[in-house]
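Please read all numbers here as calculations on a predicted model, not as lab measurements. Chain identifiers are assigned alphabetically (A, B, ...) following the order of the sequence lines, protein sequences preceding nucleic acid strands; residue numbering begins at 1 within each chain.
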2 protein chains.
Amino acid sequence: MEFKDAKNKFIQTWGALGSQWGINKTMAQIHALLMVSHEAVSMEDIMEELQISRGNASMNLRALMDWGIVYKEYKAGERREFFTAEKDLDELAVKISRERSKREIKPALKVLKEVSSITSDNTPEEKHFVDQTTKLYDFVLKADNVLDKMTEYKDNWLAKLVVKIMK
Amino acid sequence: MEFKDAKNKFIQTWGALGSQWGINKTMAQIHALLMVSHEAVSMEDIMEELQISRGNASMNLRALMDWGIVYKEYKAGERREFFTAEKDLDELAVKISRERSKREIKPALKVLKEVSSITSDNTPEEKHFVDQTTKLYDFVLKADNVLDKMTEYKDNWLAKLVVKIMK
DNA sequence: ATAAACTTTCATTTTTTATTGAAAGTTCAA
DNA sequence: TTGAACTTTCAATAAAAAATGAAAGTTTAT
């Protein structure tokens, strides 16, 4: 396979994977492109390479920066801005976990706590509801804490985890 | 809060969370409904409660059964079918991990391996591409193996994991 | 073998989500 | 302070995904 084809295939695949995980395709593609670029890329070049509009590029770059996984870079004597991706995979995983926890898991926990706290009439139906949502709350909370702990390891948590869990 | 409202809020929240994770809203809602129902529910009742069409209900129930997290149940003397959800959360997590691994991670690994194996001309650009995709392959493979190992614990893996990791 | 009772399929429609691109905004050098 | 060089915004449009519902299919009791 040619380098150009390989690069393209990687970007497409990463984009598709993103969609399946609730991240928009272009955002994932831009990230993929930056991940495999050995130097910072201008917005113009991103537009060109992914065949997307200026607005689209701008909005998704902004989103990626909000996630903390893409950075702006300034080059001496250049007016325009260049972009690079977080390339350290441990760091990337940590940032993604933290963001998803903050944006999705935490709000879900709030709701779970709320709905599991209704004062039940103790019909079997209501008892089961309270029981099940309480269990779910505990489970999600625990899972979220694991994620949180993992991010404390930061460097190489995954390798360490593998060692522990596979022992 | 009233039971009815709590139930509804739970279903809506679960549905929204599903969308954010690339699972369609109705599918997540049906699952939520079945999770908190103390007994099996007919398709008719699912349609009624979620205000969805027969076709939609049928297709999403089928998908949930393909995922192995919803089961058909037959009641003596009843022609129609009833549905229940997997309510054991450890089991649920295991099944979801396995499916997502099979459907998404494995194919992605295949592509990563492929694109990281191009015979590089050794331009800095190509070297960086090969290097980065190789790292990504290793990382994803490791993460997938962790998931896989976790499913072997099956019961209570999460609790055990918490103990290990937080020690 | 038939028909009632039910479920599934899939072409069409609706809804949701993402993209475009022109206009507005910003920054910087002179 | 102006204007060239760039970026961001957002209403309009396009694309993608999900839902509908009528027709086709299946199962079961008789």
Side-chain angles (χ1 to χ4, degrees), chain A residues 11-34 40-67 70-84 100 103-104, chain B residues 11-34 40-67 70-84 100 103-104:
Chain A
I11 290 172
Q12 293 310 122
T13 304
W14 214 237
L17 201 62
S19 317
Q20 287 174 311
W21 286 86
I23 287 148
N24 105 32
K25 197 184 64 179
T26 304
M27 189 169 152
Q29 286 182 341
I30 293 176
H31 185 251
L33 169 60
L34 296 179
V41 183
S42 70
M43 198 154 101
E44 210 67 39
D45 288 347
I46 293 171
M47 288 163 58
E48 166 65 24
E49 195 137 3
L50 302 180
Q51 290 292 307
I52 59 173
S53 70
R54 189 170 292 288
N56 198 7
S58 172
M59 286 176 93
N60 284 109
L61 279 167
R62 149 73 61 142
L64 285 163
M65 289 188 291
D66 287 348
W67 277 69
V70 161
Y71 313 112
K72 264 188 191 164
E73 231 172 57
Y74 298 93
K75 289 196 185 175
E78 275 274 15
R79 181 67 161 289
R80 54 208 172 127
E81 299 167 336
F82 291 81
F83 301 89
T84 1
R100 297 211 87 149
R103 293 170 197 231
E104 295 144 22
Chain B
I11 291 172
Q12 292 310 121
T13 304
W14 215 235
L17 201 62
S19 318
Q20 288 175 309
W21 285 86
I23 287 146
N24 103 33
K25 196 184 65 176
T26 304
M27 189 168 155
Q29 285 181 341
I30 293 176
H31 185 251
L33 169 61
L34 295 179
V41 183
S42 70
M43 197 154 102
E44 210 68 39
D45 288 345
I46 292 171
M47 289 164 58
E48 165 65 23
E49 195 138 4
L50 302 180
Q51 290 292 308
I52 57 172
S53 71
R54 190 170 292 287
N56 196 8
S58 173
M59 285 177 90
N60 285 110
L61 279 166
R62 148 73 62 145
L64 284 163
M65 288 188 294
D66 288 348
W67 276 69
V70 160
Y71 313 111
K72 265 189 191 165
E73 230 170 59
Y74 299 94
K75 287 195 185 177
E78 276 272 15
R79 182 66 161 291
R80 57 209 170 124
E81 299 167 336
F82 292 81
F83 301 88
T84 3
R100 296 211 88 150
R103 294 172 196 230
E104 295 146 22

Which whole-number value in Å describes the distance from B/Arg54 CZ to C/dC10 C1'? 16 Å
Comparing A/Arg62 with A/Arg80, nearest DNA chain D nucleotide closer to 5' gives the residue A/Arg80
Whether over 12 other heavy atoms sit under 6.0 Å from B/Met47 CE: yes
With sugar-phosphate meaning primed atoms plus P, OP1 and OP2, does A/Thr26 contact a base, only sugar-phosphate, or nothing at under 4.0 Å between heavy atoms? sugar-phosphate
Distance, rounded to the nearest Å, where A/Ile23 contributes CD1 and C/dT17 contributes C1': 15 Å
Could you check B/Asn56 against B/Phe83 and say which one's nearest nucleotide on DNA chain C is further toward the 5' end? B/Phe83
From CD (A/Gln29) to CG (A/Leu34), nearest 0.5 Å: 12.0 Å
What do you reckon, is CE of A/Met43 surrounded by more than 12 foreign heavy atoms closer than 6.0 Å? yes
Of all nucleotides in DNA chain D that come within under 4.0 Å of a heavy atom of chain A, which is furthest toward the 5' end and which toward the 3' end? D/dA4 to D/dC10
Would B/Phe83 and B/Lys72 satisfy side-chain contact (heavy atoms from CB on, under 4.5 Å), going step by step from the backbone distance to the final call? CA-CA 5 Å; B/Phe83 301 88; B/Lys72 265 189 191 165; 3.6 Å; yes
What pairs meet the side-chain hydrogen bond (donor to acceptor under 3.5 Å, both in side chains) rule with one or both residues in residues 48-59 of chain B, with sequence neighbours excluded? B/Lys7-B/Glu49, B/Glu44-B/Arg54
Before you tell me yes or no, could you show the steps for B/Trp21 and A/Trp21 under side-chain contact (heavy atoms from CB on, under 4.5 Å), namely the whole-Å CA-CA distance, both residues' side-chain angles and the distance that decides it to 0.1 Å? CA-CA 5 Å; B/Trp21 285 86; A/Trp21 286 86; 3.6 Å; yes
Judged by each residue's nearest nucleotide on DNA chain D, which is more toward the 5′ side, B/Lys25 or A/Leu61? A/Leu61
